Amino acid sequence: VTAHLIGWNQYTIEGCQQMRRGETPFYFIDPGDDFSKVNAVSVRKYHSRSRRKLVSELEASAQELRQFLLSLDPTEWKADYGVRWKGGIVTIRNTVDGLVRDYVLHRQQIEEWARGV
């Protein structure tokens with residue numbers, strides 16, 4: 001779960017940059033169910049068994065995402081860059097909202113894991 005979130009912090013930055021150029025974020029091209037291919041890449045890339053290292057990477061990637069989002073002009077959050085997915089408009093706001101839902105969903109799992117439960 002931690003590797004998944006580290007990856008999505010970074011994927012969100014890249015995807016938002018692609019959107020701002022009018023491009024479809026790379027993760028929407030994932031042919032797997034529920035982004036299984038891009039999630040598998042994160043699990044392989046962030047495979048450490050060290051809780052300290054993974055929590056540190058999660059915090060660093062979250063900070064990087066935070067800095068990126070703070071650098072955006074407020075109008076960019078709801079802007080329609082022409083990107084569509086499953087018939088809907090993709091915006092920076094609804095992309096970040098999706099990541100926030102993931103954090104809420106996985107929060108308890110991460111907290112228990114980080115404590116070594």
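Values below: every heavy atom of this structure, side chains too, minus hydrogens, waters and symmetry copies. These numbers come from a predicted model, not from an experiment.
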Does the side chain of [Y] come within less than 4.5 Å of [X]'s, by heavy atoms?
X   : Y   : value
M19 : C16 : yes
N39 : W8  : yes
V96 : W77 : yes

Margin query: Tell me which one of E57, K53, H4, Q10 satisfies side-chain hydrogen bond (donor to acceptor under 3.5 Å, both in side chains) with Y46.
Written below: Q10
Checklist line | Atom pair CD/CG of E14 and L65 - distance to nearest 0.5 Å | finding: 13.0 Å
Heavy-atom donor-acceptor pair, [X] side chain to [Y] backbone, under 3.5 Å:
X   : Y   : result
Q18 : F26 : yes
Y11 : V38 : yes
N94 : I89 : yes

Notebook entry, point to check: Taking the six-membered ring for Trp, are F35 and Y27 parallel (under 30°), tilted (30 to 60°) or perpendicular (over 60°)?
Noted result: perpendicular
Note to self: For F28 and W85, take the angle between the two ring planes, folded into 0 to 90°, and tell me which bin it lands in: parallel under 30, tilted 30 to 60, perpendicular over 60.
What the structure shows: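 Plane angle under 30°, so parallel.
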Item checked: Sequence neighbours excluded - side-chain hydrogen bond (donor to acceptor under 3.5 Å, both in side chains) pairs with any residue from residues 59-72 ->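 Listed once each, the pairs are N9-S61.
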Note to self: Within a 6.0 Å radius of atom CZ on R21, are there more than 12 heavy atoms belonging to other residues, nucleotides or ligands?
What the structure shows: yes
